[in-house]
Amino acid sequence: MTEVSFYHLQVEPLERALPRLLEKVVERGMTSLVRMKEEGLREQLDLALWTFSPDSFIAHGLGEDDNAAENPVLLTLEGTTNLNNANVLVLLQDSDGADVKDFDRCLYMFDGGDEVALQAARGRWKSFKADDLDVTYWQQSETGWKKKA
């Protein structure tokens, strides 16, 4: 059964929070497909994954890369299939998650300061629960992620 974790951003922006989560995914030997709606965000995250830490970076590719299947992290736009055979799906900008059951885990990240994103997350939570998925909720704090549900 797919485990879905909602990550409610409140302290740090996505460009800082996502790389740390992906770093943990990679450390555990898993691969991830990061799905979003806007090319501009993909460009921001592409840069962030190379520069988020002075001591490390996260090797990754873009959905249209020739070597997409070889990347542990793939930044994609909606409509892209699972080109790197990822077992973790990361949904940003309330991207399409119709194939969520094809993954072991799903990380759904949303900005708590954006009312539209907050409402979309609530709707997605209800939808995933109705699909009988294992759903948890994590809220960002000054000291890290706190499991709330």
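The model shown is predicted, which means the values in this text are computed figures rather than measured ones.
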Note: L118 and G112 closest approach over all heavy atoms is CD2-O, 4.4 Å
Calculate, to the nearest 0.5 Å, the distance between atoms CG and CG belonging to D99 and L89 respectively.
6.0 Å
Tell me whether T51 contacts the main-chain N or O of L47 through its side chain, where contact means a donor paired with an acceptor under 3.5 Å.
yes
For the side chain of S56 and the backbone of S53, is there at least one donor-acceptor N/O pair under 3.5 Å apart?
no
Between the side chains of R105 and T2, does any donor sit under 3.5 Å from an acceptor?
no
Hydrophobic cluster membership, with links at side-chain heavy-atom distances under 4.5 Å among I/L/V/M/F/W/Y: are V88 and V100 in one?
no
N84 and N71: which non-hydrogen atoms are nearest, and at how many Å?
ND2-O, 3.0 Å
Can you tell me how far CD of E38 sits from CD of Q93, rounded to the nearest 0.5 angstrom?
4.0 Å
Would you please test D104 and E3 for side-chain contact (heavy atoms from CB on, under 4.5 Å) and show each step?
CA-CA 6 Å; D104 297 332; E3 178 185 336; over 6 Å; no
Please check if the number of heavy atoms outside E39 that lie under 6.0 Å from its CD is greater than 12.
yes
Audit row: L21, Y7, side-chain contact (heavy atoms from CB on, under 4.5 Å) steps and yes/no
CA-CA 10 Å; L21 287 175; Y7 287 91; 4.0 Å; yes
For the hydrophobic clusters of this structure (ILVMFWY residues joined by side-chain heavy atoms under 4.5 Å, transitively), does one cluster hold both W145 and V25?
yes
Residue pairs, two or more places apart or on separate chains, that pass ring pair (Phe, Tyr, Trp, His ring centres under 6.0 Å) and touch residues 10-51:
W50-F57, W50-H60
When you measure from the side chain of N87 to the backbone N and O of T31, does any donor-acceptor pair fall under 3.5 Å?
yes
To the nearest 0.5 Å, how far apart are CD in E78 and OG in S95?
4.5 Å
Pair L18, L45 - check side-chain contact (heavy atoms from CB on, under 4.5 Å), show working.
CA-CA 8 Å; L18 179 63; L45 295 176; 3.8 Å; yes
Do any N or O atoms from the side chain of E15 and from the backbone of A48 form a donor-acceptor pair under 3.5 angstrom?
no
Tell me whether N82 contacts the main-chain N or O of N85 through its side chain, where contact means a donor paired with an acceptor under 3.5 Å.
yes
Supply the atom-to-atom distance L22 CG to F52 CZ, rounded to the nearest 0.5 angstrom.
8.5 Å
So, do L14 and Q44 sit near enough that their side-chain heavy atoms are less than 4.5 Å apart?
no
Hey, quick one: are V90 and L77 part of the same hydrophobic cluster, counting side-chain heavy atoms closer than 4.5 Å, chains of contacts allowed?
yes
So, for I58 and E23, which heavy atoms are closest and what is the spacing to 0.1 Å?
CD1-N, 3.6 Å
Verdict with supporting geometry, R35 and T80, side chain to side chain donor-acceptor pair (under 3.5 Å):
CA-CA 8 Å; R35 186 179 291 157; T80 305; over 6 Å; no
Take V4 and D134, measure what side-chain contact (heavy atoms from CB on, under 4.5 Å) needs, and give me the verdict at the end.
CA-CA 6 Å; V4 180; D134 182 17; over 6 Å; no
Under a 4.5 Å cut-off applied to non-hydrogen side-chain atoms, are D94 and F110 in contact?
no
Smallest separation among heavy atoms of K147 and T136, with atom names
CE-CG2, 3.8 Å
Roughly how far, to the nearest 0.5 Å, is CG of L74 from CG of L83?
6.0 Å
Is there a path of hydrophobic side-chain contacts, each under 4.5 Å between heavy atoms of I/L/V/M/F/W/Y residues, joining L33 to M109?
no
Can you give me the closest heavy-atom contact between G63 and T76, atom names plus distance?
CA-CG2, 3.8 Å
Y108 side, atom OH; W125 side, atom CH2 - distance, nearest 0.5 Å:
12.0 Å
Test of ring centre spacing under 6.0 Å for F6 and W138
no
Is D131 reaching over with its side chain to a backbone N or O of L133, donor-acceptor style, under 3.5 angstrom?
no
Can you see which heavy atom on M1 is nearest to which on D132, and at what distance?
CE-O, 3.2 Å
Looking at K146, I want to see if its NZ is surrounded by more than 12 non-hydrogen atoms of other residues, nucleotides or ligands under 6.0 Å.
yes
Hey, are the side chains of C106 and L91 touching, using non-hydrogen atoms and a 4.5 Å cut-off?
yes
Spell out, as yes or no, whether a donor-acceptor pair under 3.5 Å connects the side chain of Q140 to the backbone of Q10.
yes
